[in-house]
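Beneath this line is the structure, given in C-alpha cells, with notes to follow.
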Amino acid sequence: MTDDSFMGLRFVGQAEMDELLDFASLVEALEEAHKTPIAEVGRIVQEQVAEPGPNHFLSLPAWDPGRHLGIKLVTSFPGNEARPEGLPTVQALYVLFEGTCGRPVAILDGTALTPWKTAADSALGVKLLAPSEPESLLMVGAGVMADALIRAHKAVRPSLVKVRIWNRTAAKASALAESLMLDGVEIAQTDDLEAAVREADVISCATGSRAPLIEGDWLRPGQHIDLVGGFMPEMREVDDGVCKRARLFVDTRRFTVEECGDLMAPLASGAITEADVLGNLFELCQSKVVGRTADQDITLMKNGGGAHLDLMTAQHIAARLGIG
C-alpha cells in the first residue's frame, strides 16, 4: 500500500470538531440513528495494575453495514491527573472507514469525540425520560465529562435555570462552576450532596466512585437520574435503593447489565431482576417501550457507552464535512 492510498484522508482535531458540533443537532442525529438496527459492535478491555487506580486500554469497533465502520482506541490512566503536563485521564483516537469498500476516510481526535458522544447519549436519555420542564440540575462529579453533560442537558431541557455541582474535591467543583457560562442559569458548587439530590429535578453522575454516592431514600417523585460513570463492575454511583425506586432504562443492555456495577450489584443482590430494566434507547426511540408514564415517576438511565455511539457521532461529523 502506497502513501497515495491515504490521499483524501481527513484529520479532524478538537478545534474543528467543536466548531462543527452542537448538542441540539447531535442529540437529534443520535435519535434518528437509534431508529435503525444497532450496528455490529465489540469491546476489548485490557487492564494494568497501577496507582492511584488501574490503567485501561480499550478497543471499541463498530460496523454499520453498507455505510461505515470504525474503531476507537482509548487509554484511561487515572494517574494523569497528578502529572505536571496536565494530561487528561482519558485519551483516544477514532478511525472511520467507508462501509462498501473499507477505505479509511477520516481520523478523528477521539479524546474530543468522547465527551460529545457521551454527553449526547445521556442528553438523549433526558430528552426521552426526564420531566418535560425541569428547573434544577445536580452534577455529581467535576471531571472532564461534567462540563459537557451540563451543556448537553441544557440543550434538550432549556427550562433548566439552576445547576449545582458536587465533587469530593470541592475546589474542583467551584472551579467548574466559575468557568461555566450559560445564559439565564445560576451555577454554584455545593457541599451537601444529600440536600442537593433531594432538591434536583435531574441528577447527572459522572464519577469513578467504587462505593455508592446516592441513596434511594434521598429521592423524591418526578426525578430523573443519569448515570455516566461506573463503567466497570466494581464501580458504583447509586445504591440498590435507587434502582428499586426507579423505572430503569439503559442505552444498550450489552454494555450495562453485564458490565456496570450500578446494575450488576443490585441484580446480584436480588434487589432487581433483568425484567426491571424496561428498555434501551433503541426501543425508546422506536416507541417499542414506554418511558415516563406519570409526572411522579422516578426514571433512571444507565449510560454504558458503546462503540455504536462513537460511530454514530463520527457519521454525523462526516456528514457535516461532506466526506465518506
Side-chain angles (χ1 to χ4, degrees), residues 41-60 72-82 87-92 114-115 118-119 121-122 125 139-146 149 166-169 172 193-194 197 203-219 225-246 248-274 276-277 280 300-307 309-310:
V41 296
R43 180 176 179 176
I44 301 172
V45 181
Q46 294 176 288
E47 182 174 291
Q48 177 194 55
V49 176
E51 293 295 337
N55 298 326
H56 291 99
F57 179 43
L58 297 86
S59 302
L60 306 172
K72 187 165 75 169
L73 304 173
V74 188
T75 59
S76 176
F77 280 55
N80 284 354
E81 290 188 3
L87 292 173
T89 298
V90 178
Q91 301 175 85
T114 297
T118 304
D121 182 33
S122 280
M139 184 69 241
V140 181
V144 66
M145 279 307 311
L149 285 162
W166 180 92
N167 193 67
R168 281 197 175 99
T169 305
K172 287 187 67 175
L193 180 58
E194 179 179 347
V197 167
I203 302 159
S204 185
C205 300
T207 74
S209 179
R210 298 196 170 214
L213 298 169
I214 297 175
E215 299 178 14
D217 290 343
W218 300 354
L219 301 180
I225 302 122
D226 164 46
L227 300 183
V228 183
F231 61 91
M232 298 294 287
E234 65 273 14
M235 296 178 176
R236 295 194 70 180
E237 296 185 302
V238 299
D239 70 3
D240 287 5
V242 170
C243 293
K244 289 175 69 174
R245 294 193 63 187
L248 303 176
F249 298 87
V250 294
D251 48 8
T252 61
R253 285 177 173 82
R254 175 168 181 174
F255 298 115
T256 53
V257 173
E258 296 181 357
E259 297 190 14
C260 299
D262 281 311
L263 292 179
M264 291 179 67
L267 283 167
S269 72
I272 62 170
T273 69
E274 288 200 28
D276 291 317
V277 180
N280 61 37
L300 181 153
M301 191 190 88
K302 176 55 192 161
N303 178 335
L309 295 162
D310 296 296

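Index from 1, following the sequence. Reckoned from all heavy atoms, side chains included, excluding hydrogens, waters and symmetry mates.
- Looking at every heavy atom in both residues, Leu248 comes nearest to Asp276 through CB-O, 3.5 Å.
- Applying the side-chain contact (heavy atoms from CB on, under 4.5 Å) rule to Ala268 yields no partners; only residues at least two apart in sequence or on another chain are considered.
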Should Val197 and Ile203 be marked as a side chain to side chain contact (heavy atoms under 4.5 Å, CB included) after you check the CA-CA gap, both sets of side-chain angles, and the distance that decides it? CA-CA 7 Å; Val197 167; Ile203 302 159; 3.8 Å; yes

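- The minimum heavy-atom distance linking Cys260 with Phe255 is given by the pair SG-O, 3.2 Å.
- Nearest approach of Met139 to Ala146, heavy atoms of both residues: CG-CB, 3.8 Å.
- Using a 4.5 Å heavy-atom cutoff, the side chains of Val90 and Val144 are not in contact.
- A pairwise comparison of heavy atoms in Val228 and Ala206 identifies CB-CB, 4.1 Å as the closest pair.
- The salt bridge (charged side-chain N to carboxylate O under 4.0 Å, His left out) check on Arg245 picks up nothing, with sequence neighbours excluded.
- Looking only at distances, no side-chain donor or acceptor of Ser122 sits under 3.5 Å from a matching main-chain atom of Ala119.
- Expressed to the nearest 0.5 Å, how far CD of Glu259 lies from CE of Met235 amounts to 12.5 Å.
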Without placing hydrogens or testing angles, list every side-chain donor-acceptor pair under 3.5 Å for residues 44-53, not counting sequence neighbours.
{"unit_1": "Glu47", "atom_1": "OE1", "unit_2": "His56", "atom_2": "NE2", "d": "2.8"}
{"unit_1": "Gln48", "atom_1": "OE1", "unit_2": "Asn55", "atom_2": "ND2", "d": "2.9"}

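- Within the 4.5 Å cutoff, the side chain of Arg168 has no heavy atoms near those of the Thr207 side chain.
- In this structure the side chain of Thr89 reaches within 4.5 angstrom of the side chain of Ser76, judged on heavy atoms.
- The side chain to side chain donor-acceptor pair (under 3.5 Å) check on Glu194 picks up Arg198, with sequence neighbours excluded.
- Here the shortest heavy-atom pairing between Gly42 and Ala307 reads O-CB, 4.2 Å.
- Nearest approach of Lys302 to Asp262, heavy atoms of both residues: NZ-OD2, 4.5 Å.
- At distances below 3.5 Å, not a single donor-acceptor pair connects side-chain atoms of Glu237 with backbone N or O atoms of Leu227.
- Here the CE atom belonging to Met301 is positioned 12.0 Å from the CD1 atom belonging to Ile225, to the nearest 0.5 angstrom.
- Put simply, CE on Met232 and CZ on Arg210 are 8.0 Å apart, with the number rounded to the nearest 0.5 Å.
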Please evaluate residues Phe77 and Leu87 with respect to the criterion side chain to side chain contact (heavy atoms under 4.5 Å, CB included), reporting the C-alpha separation (whole Å), side-chain torsions for both, the decisive distance (0.1 Å), and the verdict. CA-CA 9 Å; Phe77 280 55; Leu87 292 173; over 6 Å; no

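- At a threshold of 4.5 Å between non-hydrogen side-chain atoms, the residues Leu73 and Ser59 count as touching.
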Between Cys205 and Ile214, does the side chain to side chain contact (heavy atoms under 4.5 Å, CB included) criterion hold? Intermediate values first, please. CA-CA 9 Å; Cys205 300; Ile214 297 175; 3.4 Å; yes

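- Looking at Arg43, its side chain never comes within 3.5 Å of a backbone N or O of Arg254 through a donor-acceptor pair.
- Not counting sequence neighbours, the partners of Asp121 by the side chain to side chain donor-acceptor pair (under 3.5 Å) test are Asn303.
- Under a 3.5 Å cut-off, the side chain of Arg253 and the backbone N or O of Val277 do form a donor-acceptor pair.
- Rounded to the nearest 0.5 Å, atoms CG (Leu267) and CD (Glu274) are 6.0 Å apart.
- Using modelled atom types, no side-chain atom of Asn280 and backbone atom of Val250 make a donor-acceptor pair closer than 3.5 Å.
- Asn167 contributes a side-chain N or O that, together with a main-chain N or O of Ala142, makes up a donor-acceptor pair within less than 3.5 Å.
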Derivation and outcome, side chain to side chain contact (heavy atoms under 4.5 Å, CB included), residues Leu263 and Ile272: CA-CA 9 Å; Leu263 292 179; Ile272 62 170; 4.3 Å; yes

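- By the salt bridge (charged side-chain N to carboxylate O under 4.0 Å, His left out) test, Asp239 is found to be paired with no residue, residues two or more places apart in sequence or in another chain being considered.
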